[in-house]
Amino acid sequence: MEDAVSQLLENREDISQYGIARFFTEYFNSVRQGTHILFREFSFIQATPHNRASFLRTFWRCFRAVGKNGDLLTAKEYHCLLQLLCPDFPMELTQKAARIVLMDDAMDCLMSFSDFVFAFQIQFYYSEFLDSVAAIYQDLLTGKNPNTVIVPTSSSGQHRSRLAPSECSPLDGVEASLFYHCLESLCDRSKYSCPPSALVKEVLSSVQRLTFYGFLMALAKHHGINRALGALPDKGDLLLDPPMDQELEKLLSQVSGLSISTPAGSSGDIANLPTRISPRISSPWKPLHHCQKVNIESDGSTDETESSEN
Amino acid sequence: IQTSSVAERNKPFEFRINKDQSSFHNRLLQHDLEKNYSGKQDNINFGSSASITAFPILHRATDEKILNSDRLTLERQKLTVCPVIDGEEHLRLLNFQHNFITRIQNISNLQHLVFLDLYDNQIEEISGLSTLRCLRVLLLGKNRIKKISNLENLKNLDVLDLHGNQIAKIENINHLGELRVLNLARNLLSYVENLNGLDSLTELNLRHNQITSMKDVDTLPCLQHLFLSFNNISSFDNILCLADSSSLSDITLDGNPIAQETWYKSTILHHMMQLRQLDMKRITEEERRMASVAARKEEEKKRESHKQTLLKEKKRLTIGNIARQWEIQQNRVALVTSSNQDKKDSDSCQINGSAAYEFPEETRSLDTILSNAVHGLSVLDSHLVEVEGDTLYLYGSGALESLDRNWSVQTAGTVITVSFMFIEFDEIVQVLPKLKIRFPNSAHLKFKETNIVMLQQFNALAQVRRIEQLTVDPQGNPVVNFTLWKYYVLFRLNHFNLQKINGTEVTQNDIVMAERLFGILAHVASSELPQYRLLSLLGESRKKQFCYMLEAKGKRSGIVSEESNDSKRVGGENASQAILNYTTRELHTEKLEEIKERKKFCETYIQDLVKEATDINMKNESLQKLWPQMFIELVRDAVIEIRNKNSYMKLCLQRITDQK
């Protein structure tokens with residue numbers, strides 16, 4: 001509501017032309033469809049899980065073509081693409097996502113679209129959760145018992161210099177079951193969105209020990225978590241989107257048609273040109289996965305008070 | 001002056017041999033001598049003296065002596081030494097041509113000698129001439145003389161021929177005031193100087209030497225003929241003294257490097273107006289006139305090119321200064337933003353970037369950089385604007401102001417390319433609309449060291465009216481490192497019909513690929529944005545179009561297609577692309593500030609509304625709870641009232657009267 005009013009104030013001259021009621025209709029329609037985050041500032045996009053999921057989905061839809069083309073890009077270039085949709089998207093997040101894909105190694109490496117998008121999803125949607133996990137992981141590494149309440153610090157990527165001797169070297173990681181125990185308590189009391197603890201258990205039960213980035217990578221690749229989020233399709237279907245492909249074909253034919261330059265132009269009836277008067281495509285939120293019910297709104301109520309200002 | 005004629009050679013000479021042959025030594029000597037002179041002529045007899053010097057003594061027959069009392073020819077006699085010539089004190093002409101003489105000796109007694117010819121011998125040093133005060137002609141050509149010396153007493157010398165020797169320096173001739181002809185051809189001279197004192201010299205032959213420069217020629221008052229063929233003279237500056245000589249009328253310079261130059265003849269003629277013959281060819285009046293004109297032009301050209309070099313140097317320094325300032329700016333930005341990042345990274349990439357600008361090796365401390373900056377700023381400009389050919393060059397952010405200058409229509413019309421260097425792209429964005437107006441023919445934009453880092457920045461280029469070529473230099477523009485940047489440019493600016501990007505032609509495939517990669521983005525942007533956002537993202541000009549389209553709802557598809565077709569043909573932007581615009585960082589931060597304030601207001605406003613709503617809701621719920629009870633009480637009260645009809649009637653009447 002706050003954002004709606006804020007938008008209203010920002011564009012009052014234009015909106016006054018066609019009425020406030022219509023404005024609110026459109027606004028909440030777009031929220032439902034997940035298009036409200038287009039070209040908005042980062043603080044808004046980050047504000048609610050629904051916004052985050054919508055953003056992820058939009059990113060996927062807009063740049064799926066890049067993935068389909070098979071180009072491998074650097075983290076910086078992916079960041080550029082993100083900036084096309086959100087001009088002030090912070091580089092930090094992209095780099096953290098890249099670190100997950102590259103296992104914290106050689107940050108200038110090229111990444112494929114699917115790798116990046118799934119890692120980015122985990123990083124962006126669960127960023128606060130991941131910060132806490134990082135803190136817990138550090139504590140476990142150094143042998144401290146993290147059952148006390150943990151307040152995540154802002155920088156999760158830095159290595160704190162603890163002098164306490166640890167039994168396990170960072171390469172070995174931590175013991176999976178102990179890790180799960182800590183995470184479970186975290187999930188129970190966390191105010192931020194977390195992956196369903198059952199699925200986390202699944203991830204952790206398959207290995208004895210694991211590193212921090214190993215864990216994140218496993219989260220990124222887990223199909224169940226992806227479906228629970230509901231923003232992106234399964235990995236296998238990542239490059240498929242038939243309705244969009246149809247639109248694209250029309251655009252392409254128009255582009256190549258124009259360059260052949262028949263002055264009569266394309267015939268008016270079939271040209272489904274990219275202007276907004278073309279009939280609204282149906283909600284992009286039509287369920288991707290028929291089995292799971294997407295319950296996004298459940299977290300929404302508590303998030304009003306948590307929208308960050310910076 | 002001739003040597004003795006052929007006929008005279010047959011005159012008998014006699015060489016008496018000394019009768020004293022006591023010593024075995026002498027006999028041997030005589031034997032040796034006789035062996036040497038085996039091919040002698042009959043009439044020449046060489047005697048051997050008993051003295052250890054063993055010089056042959058020459059005697060001539062008396063009648064021979066009387067006939068040719070003043071001349072003696074000893075040509076081709078296979079002499080290795082000069083013989084002693086007895087009793088010929090009146091000799092005036094002596095010819096020793098074509099022998100093997102190594103030293104000039106035994107002629108000191110011929111004090112009336114006027115003509116001495118030692119051409120083609122093996123003399124290594126000039127000597128033994130100090131008594132020949134009457135000598136006028138001295139021919140020492142084709143010998144092995146290394147140094148001019150021992151000519152002090154030959155004050156009457158008229159002709160001195162030293163050609164074909166090994167002389168490297170002109171010296172010891174300054175006293176020869178009567179000398180008219182000096183031949184130093186085929187020697188080893190590289191400098192000509194020390195010619196003063198030769199007040200009678202009319203001919204100086206210096207052919208076939210290694211001369212590069214000359215001095216003092218203007219001190220020769222009578223010099224008319226100067227032969228300098230086949231030397232190493234390459235510039236007229238080295239023989240400037242020739243121009244000062246008023247007597248010279250005939251010079252040769254062929255075979256020198258200077259003679260190969262295009263300006264050779266004109267320069268010589270221009271500087272030496274008195275010259276009558278050059279390289280053995282007469283000079284006509286016409287030639288002279290043309291030469292002076294040409295020479296003047298040459299000088300002007302030189303002055304012009306000198307000016308050009310100065311200007312170029314200044315330009316180079318200015319550009320270097322601008323580059324330095326740019327570096328400092330980048331460093332400052334990098335140091336500020338790298339407070340969270342690894343300092344090493346930013347330092348190393350700055351060092352890489354500066355390599356092209358001849359930066360001295362220095363540590364990247366802010367202090368040294370700043371001190372350099374202070375140096376440079378005080379001396380030179382901090383920006384440069386230049387029109388060269390069809391290109392407008394802008395260096396440094398100060399140059400952007402020059403776009404407001406009053407450019408002449410002609411200049412403005414010729415500019416096809418605009419090149420930006422050392423300017424932040426965000427600053428350029430603000431002046432792009434001006435380009436349309438000021439330089440209507442500009443079709444090619446070049447960016448180098450302009451800090452283009454995001455694909456989004458290319459959206460700003462849509463403000464220009466027309467681009468056919470785009471060049472983004474990798475230097476200073478990190479965006480070029482991205483794989484997709486060209487396709488994005490093609491997609492975003494496809495209504496401009498770009499022909500070339502960074503020099504390579506744009507193919508149909510490229511355009512299709514660009515659309516394939518980014519077409520969906522445009523589609524999503526246009527079809528899924530709520531209307532009010534659409535209007536706010538587009539500029540004022542497009543709003544009208546959209547309002548028009550809003551009204552014509554009934555004939556949607558038809559109009560839409562027409563409009564888009566038209567706009568594409570005319571070169572206008574598609575609505576979907578127009579949404580993709582770029583706001584510079586500063587404007588964006590301003591916007592964010594506004595948004596923050598608005599958010600705060602909205603928060604309080606909504607919270608108030610929410611409170612109100614909850615209040616009302618609470619009241620509603622309370623009412624719902626309390627209503628049944630209230631209703632029952634109402635009914636009970638009413639029933640109690642109406643139980644007694646009479647008293648109720650009275651009560652009502654009472655109520656009515658009370659009301660009044």
Side-chain angles (χ1 to χ4, degrees), chain A residues 1-3 5-7 9-11 14-15 17-18 23 26-27 29-30 33 35-36 38-39 41 43 58 61-66 69 71-74 76-77 80-81 83-84 87-88 244 247-248 251-252 255-256 258-259 263 265-266 268-269 271 273-278 280-281 284 309, chain B residues 454-456 479 481-484 494 508 511-513 515-537 543 547 549-550 556-558 560-565 568-569 574-576 579-580 583 588 591-592 595-596 598-599 601-603 605-606 609:
Chain A
M1 276 303 292
E2 284 173 23
D3 187 67
V5 175
S6 167
Q7 290 283 293
L9 285 175
E10 191 178 327
N11 305 300
D14 306 320
I15 293 170
Q17 279 179 14
Y18 59 86
F23 162 73
E26 286 198 353
Y27 182 84
N29 259 333
S30 85
Q33 286 172 353
T35 59
H36 58 303
L38 272 174
F39 308 123
E41 61 279 6
S43 51
T58 310
R61 289 170 73 229
C62 288
F63 296 113
R64 180 184 55 92
V66 173
N69 200 34
D71 287 309
L72 297 176
L73 309 178
T74 59
K76 280 209 183 106
E77 199 159 358
C80 255
L81 296 181
Q83 278 182 314
L84 286 176
D88 58 344
M244 260 317 176
E247 295 288 340
L248 187 60
L251 288 172
L252 283 176
V255 167
S256 29
L258 267 180
S259 52
S266 43
D269 48 345
L273 300 163
T275 62
R276 62 168 314 286
I277 307 294
S278 58
R280 274 290 172 82
I281 55 174
E309 283 291 326
Chain B
M454 313 192 275
L455 291 176
Q456 225 194 350
V479 85
N481 294 330
F482 294 151
T483 331
L484 303 175
N494 72 358
Q508 176 65 4
I511 299 179
V512 170
M513 178 58 94
E515 191 66 26
R516 190 186 289 278
L517 286 172
F518 295 104
I520 296 181
L521 175 65
H523 176 81
V524 164
S526 61
S527 59
E528 298 186 4
L529 270 182
Q531 182 142 1
Y532 67 92
R533 296 230 39 229
L534 209 61
L535 291 176
S536 69
L537 282 172
K543 278 189 198 170
C547 290
M549 284 204 287
L550 274 177
R556 262 181 236 175
S557 40
V560 150
S561 58
E562 272 172 43
E563 192 260 17
S564 302
N565 274 343
K568 270 220 153 89
R569 248 181 285 148
N574 209 333
S576 49
I579 294 166
L580 302 168
T583 43
H588 194 74
K591 236 171 89 178
L592 287 180
I595 291 174
K596 251 204 242 178
R598 241 202 317 255
K599 251 175 109 165
F601 165 74
C602 292
E603 209 178 310
Y605 178 67
I606 294 291
L609 283 181

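Checked by atom type and distance alone, the side chain of A/Glu2 never pairs as donor or acceptor with a backbone atom of B/Ile606 at under 3.5 Å.
Under a cut-off of 6.0 angstrom, the local environment of CZ in B/Arg516 is sparse, with at most 12 non-hydrogen atoms contributed by other residues, nucleotides or ligands.
Distance check: A/Leu248 CG to B/Leu517 CG gives 9.0 Å after rounding to the nearest 0.5 Å. The OG1 atom of A/Thr58 sits 12.5 Å away from the CD1 atom of B/Ile520 when rounded to the nearest 0.5 Å. Interatomic distance, CG of B/Leu592 versus CD of A/Glu41, reported as 6.5 Å (0.5 Å rounding). Rounding to the nearest 0.5 Å places CD of B/Gln456 at 11.0 Å from CG of A/Leu81.
Neither the backbone nor the side chain of B/Leu609 comes within contact range of chain A; no heavy atom of the residue lies under 4.5 Å from a heavy atom of that chain. Heavy atoms closer than 4.5 Å to chain A are found in both the backbone and the side chain of B/Leu455. At a 4.5 Å heavy-atom cutoff, the contact between A/Asp88 and chain B is made by backbone and side-chain atoms alike. Proximity to chain B involves both the backbone and the side chain of A/Leu38, based on heavy atoms less than 4.5 angstrom apart. Of the two parts of A/Gln7, only the side chain, counted from C-beta on, holds a non-hydrogen atom closer than 4.5 Å to a non-hydrogen atom of chain B.
With respect to chain B, the highest number of heavy-atom pairs below 4.5 Å among A/Lys76, A/His36, A/Glu10 belongs to A/Glu10. Among A/Val5, A/Thr74, A/Asp3, the residue with the largest count of heavy-atom pairs under 4.5 Å with chain B is A/Val5.
Taking the side chain as every heavy atom from C-beta outward, B/Phe482 and A/Leu73 never approach each other to under 4.5 Å. A 4.5 Å side-chain heavy-atom check between B/Met513 and A/Asn69 finds at least one atom pair inside the cut-off.
The minimum heavy-atom distance between B/Lys599 and A/Ser43, with the atom names listed, is NZ-OG, 4.3 Å.
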